*Asks:* 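Got a structure for you, written out below as structure tokens; questions coming shortly.
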Amino acid sequence: MPTSFRNRLIIAFLLILTLMQLTTALFVLSATQRDFRQQQTQNLNIGSNIFVEMLSNRSDQLNQSLSLLSADFGFKRAVATGEQDTISSVLANHGRRINADAAILLSPQGKLLSSSLQGLTAANIDELFALTKNRSTTFEIFNYDHSSYQFVLQPVKAPTLIAWVGMGFTMDNNVADQAKTITGIDISFINQSAGRIEIVSTLAQAQQQDVLARINLLAKTVDKVSDDIPSNYLSTTIALDKNSGHQWAVLHQSNVKWQQNYDALRNNMLIIFAITCLLAFMIAAWFSGGLTKPIYALVNFARKVGQGENPPPIKGAPAELQVLANTLSIMRENIESRENDLVYQSQHDNLTGLYNRLAAKQQLSLLLSKMHGSLVMIDIKNFRHLNNIIGFANADDLLVLFASRLESLSPTAQLISRLDGDSFLLLFQPSIPLDNYLRQLTNPFSIQGSKISVNVRVGIVDLSSDYDCNDIDTLIRHAEIALNQARVESLGIATYQQGEDERYLRELMIIRDLPIALAQGQLHLVFQPKVNIQSNHCHGAETLIRWQHPELGFIPPDEFIRLAENSGNISMISDWVLNTTIKQLAQWQLQGISLTVAINLSAHDLTNPQLPLDIEQLLISNHLPINALSIEVTEGAVMKDAQTVIAVLQQFRNIGLAIAIDDFGTGHSSLAYLKLLPVNEVKIDRSFIKDIHTDATDLMIVDSSIRLIKGLNLSVVAEGVESVEGINILRGLNCDIIQGYVYSKPLKANDFIVWFQQFNQSNIQTLSKDTPH
């Protein structure tokens, strides 16, 4: 009966129980909804942070590659000399190694020097150049052809700024898929420019259209969480381009699974509510108490997971809640694992697994205060040629085996890293004898069933007590200088010596400034007379080149010509000397002055079969006779490729140009080749001439040489004569021509003509009685 106390008590109890159940249900559902949303928001924020970190790591990868590229001596030299093919090749190779989608090279003033992106407009180039002035510590986004590029630029210095080099990745489906794999959430890249909207997304097509329909809301949701872009997703927007505001990355966390769990929980509680209303008070009370506790435990568990902790498993919870708790734990472990992988990849070389350049510098910085022993830099001789022979894949296998052997050899280096390409850096503490170590290192490698033998070059920095360096970049540069010395001088091992840094920077500056010097007129010609001592008449001169550098002062010709030959720029100098000499001869001819001027050709020039015809055409176009110019070559130049050089010299002889062998007596095969060379004249080196009036041995050598040359029906020139006694002796030995300070030092064109006219007009008969010029 409803009016009975028992019934009232039951009704009252049921009412109280109902109120309690409703209150509990509302509390649990509200707390669950709040915590789930907080969790979803936190997951979205974590995903956003990981995504930004991923872009930063990609920027670090670009920065590392660009650091290697901008520090590469060959690349700096190519940029400094404007070798476009080399620049394009190096940019393409480095881009392929890191799978970059774009590579550019800008001048210090922002002009485009090279680009893998076709059709860049002036506005695009200005936008790229602006990145050099506002470089972010994270990443920069560049809009090109309705696509977003993650771009990094770095300066190329030698030692001053000579260019900006940059590389970038496209924000495409691959990046979106990679970001989703790492973060576990969907992502959309949106580019709204020039009245056009492009979207790249991991969402389904319908959701993509939903996002585009709400694109006007994106600017309002930057760094905020939204519920309806698209529907059933929590989304946050990252402005990729904060200046224009038309490029976004939108991260989407699906609510579907959460909503399903929420609906399931709500339905279960309704069932529980219905059952408890039918059961007895104690059963209902026990059940409600038993349900509330694990829910609170799950909420606390989820909160600790969100804070990055590793809480113990929930015991005694229902299976559904236990599954959810386990899922949260797995998610935390996956995020931690991905973060560890990203850290590892940022510090290790992808191919060999060794430390990369950045990690090597970090490790060396930690050891700097207690560093001793030796720092060793090793590269493989002719690796590029070997790469072309065995193929890129096999060459990569060779590098992996090479790195593995470095790790296995004893004694083990304290630090082993791969800097770039085939260059490896090792730290030995203490120093070790390298001969046996290198013999073990260069034992043949087995590649695809074939034995591949390699040779190495080694640069060493001795970290002894008198070595003073507290900068890691300088320390590594010293090792590179030593390795470069081994490369240039064809040595197996070279050790850095104090002061070589200055010489390296000087040589780099000379190589860089040589094209500028030619363009700006810093180089000039001087002419040294050649006097026929039998007739006491000057009929010609030798052209010599001089360089007055605005910072380095006078640079000896031997120094910059050697560097030009090593850097491949010697033809630039030869062309300038040839054209300038012929222009001067044409000017003298208009003044009624006729004489023969000799120019020096390098070994590189003498391998060009087209050169004789080019010189003949220059003489004809300037209305000069063939005998207005003569050629001088050294024995060393002939010996580098005797067969080719002799063929080119024969072409000179056929068109009527006189040819002289310079520095006779300083080569290795003078007598063997002299009879084969199509030459008219032989110049005896000054080392034999300068002391003939005091040294009987030199006199005997000169006498024998003149007799030999005369016997071959060639004329003889003596270089470096500095005394009247020397003239008289050489006249007695039947020498034909003298060139030296006894008559005149090398003179500029105007001064030379004054000397030339005065000397021939005076017609000196007895040099021993007159004061030489």
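Here the structure is a predicted model, which means the values were calculated and not measured. Here, residue 1 is the first one in the sequence, and each next residue gets the next number.
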*Asks:* May I ask you to test the K381-L386 pair for a side-chain heavy-atom distance under 4.5 Å?
*Replies:* no
*Asks:* Hey, does Q528 have a side-chain heavy atom less than 4.5 Å from the side chain of L747?
*Replies:* no
*Asks:* Mind checking what makes side chain to side chain donor-acceptor pair (under 3.5 Å) contact with W588, not counting sequence neighbours?
*Replies:* none
*Asks:* Salt-bridged, E722 to K745, with N to O below 4.0 Å?
*Replies:* no
*Asks:* Closer than 3.5 angstrom, by distance alone: can the side chain of T607 be matched with the main-chain N or O of H604 as a donor-acceptor pair?
*Replies:* yes
*Asks:* Using salt bridge (charged side-chain N to carboxylate O under 4.0 Å, His left out), reason through K530 and E681 one step at a time and then give a plain yes or no.
*Replies:* CA-CA 12 Å; K530 297 171 71 173; E681 185 177 274; 3.1 Å; yes
*Asks:* Show your reasoning for whether ring-ring contact (aromatic ring centres under 6.0 Å, His included) applies to F527 and F756.
*Replies:* CA-CA 11 Å; F527 302 86; F756 175 80; over 10 Å; no
*Asks:* Between Q651 (side chain) and Q610 (backbone), is there a donor-acceptor pair under 3.5 Å?
*Replies:* no
*Asks:* For the pair N579 (side chain) and D575 (backbone), establish whether a donor and an acceptor sit closer than 3.5 Å, ignoring hydrogens and angles.
*Replies:* yes
*Asks:* Quick one: are I380 and N455 in side-chain contact, heavy atoms under 4.5 Å?
*Replies:* no
*Asks:* Between L399 and F424, is any pair of side-chain heavy atoms under 4.5 Å apart?
*Replies:* yes
*Asks:* Which pairs, with at least one residue in residues 545-585 and sequence neighbours excluded, count as a ring pair (Phe, Tyr, Trp, His ring centres under 6.0 Å)?
*Replies:* W547-H549, W547-F560
*Asks:* Does L618 reach the side chain of L624, with side-chain heavy atoms less than 4.5 Å apart?
*Replies:* no
*Asks:* Please find the pair of heavy atoms, one from D605 and one from S574, that lie closest to each other, and give the distance.
*Replies:* OD2-OG, 2.5 Å
*Asks:* Take D558 and R562 through the test salt bridge (charged side-chain N to carboxylate O under 4.0 Å, His left out) and record every step on the way to the result.
*Replies:* CA-CA 6 Å; D558 291 346; R562 172 182 59 83; over 6 Å; no
*Asks:* I'd like to check I561 versus I545 (side-chain heavy atoms, cut-off strictly below 4.5 Å). Are they in contact?
*Replies:* yes
*Asks:* Under a plain distance cut-off of 3.5 Å, with no hydrogens placed, do R512 and T160 share a side-chain donor-acceptor pair?
*Replies:* yes
*Asks:* Does K683 form a salt bridge (charged side-chain N to carboxylate O under 4.0 Å, His left out) with E632? I'd like the steps, not just the answer.
*Replies:* CA-CA 9 Å; K683 302 180 71 174; E632 293 189 5; 2.9 Å; yes
*Asks:* Working to the nearest 0.5 Å, report the span between CD1 of I631 and CZ of R653.
*Replies:* 13.0 Å
*Asks:* Please determine if D736 and K710 form a salt bridge, counting it only when a charged side-chain N lies under 4.0 Å from a carboxylate O.
*Replies:* yes
*Asks:* I'd like to check E542 versus P529 (side-chain heavy atoms, cut-off strictly below 4.5 Å). Are they in contact?
*Replies:* no
*Asks:* Is there a donor-acceptor pair under 3.5 Å between the side chain of T596 and the backbone N or O of N627?
*Replies:* yes
*Asks:* Looking at every heavy atom in both S115 and L112, which two are closest together, and how far apart are they?
*Replies:* CB-CD1, 3.8 Å
*Asks:* Just by distance, no angles: are the side chains of H539 and N532 close enough, under 3.5 Å, to form a donor-acceptor pair?
*Replies:* no
*Asks:* Quickly, which of I709, L712, D662, V717 forms a side chain to side chain contact (heavy atoms under 4.5 Å, CB included) with V682? Name it, please.
*Replies:* I709
*Asks:* Check for a donor-acceptor pair, side chain of N394 on one end and backbone N or O of I390 on the other, with a separation under 3.5 Å.
*Replies:* yes
*Asks:* Please find the pair of heavy atoms, one from W755 and one from C538, that lie closest to each other, and give the distance.
*Replies:* CZ3-SG, 3.8 Å
*Asks:* Any chance you could measure K583, atom NZ, to N622, atom CG, to the nearest 0.5 Å?
*Replies:* 8.5 Å
*Asks:* Would a distance-only check, ignoring hydrogens and angles, find a side-chain to backbone donor-acceptor pair under 3.5 Å from S715 to N680?
*Replies:* yes
*Asks:* Measure across F652 and P612 and return the closest heavy-atom pair with its distance rounded to 0.1 Å.
*Replies:* CE2-CA, 3.6 Å
*Asks:* Just to verify, what does Q109 make a side chain to side chain contact (heavy atoms under 4.5 Å, CB included) with, not counting sequence neighbours?
*Replies:* S107
*Asks:* Taking side chain as C-beta onward, heavy atoms only, is F752 less than 4.5 Å from V526?
*Replies:* no
*Asks:* Please answer whether the main-chain N or O of A486 pairs with a side-chain N or O of R457 as donor and acceptor at a distance below 3.5 Å.
*Replies:* no
*Asks:* Shortest non-hydrogen contact from L730 to V721?
*Replies:* CD1-CG2, 3.6 Å
*Asks:* So, E83 and R77, do they make that salt bridge, N to O below 4.0 Å?
*Replies:* no
*Asks:* For side-chain hydrogen bond (donor to acceptor under 3.5 Å, both in side chains), just list the numbers for Q650 and N654, CA-CA rounded to whole Å, side-chain angles, deciding distance to a tenth of an Å, and then say yes or no.
*Replies:* CA-CA 6 Å; Q650 187 61 53; N654 293 340; 3.1 Å; yes
*Asks:* How far apart are the closest heavy atoms of D101 and L117, and which atoms are they?
*Replies:* O-CD2, 4.4 Å
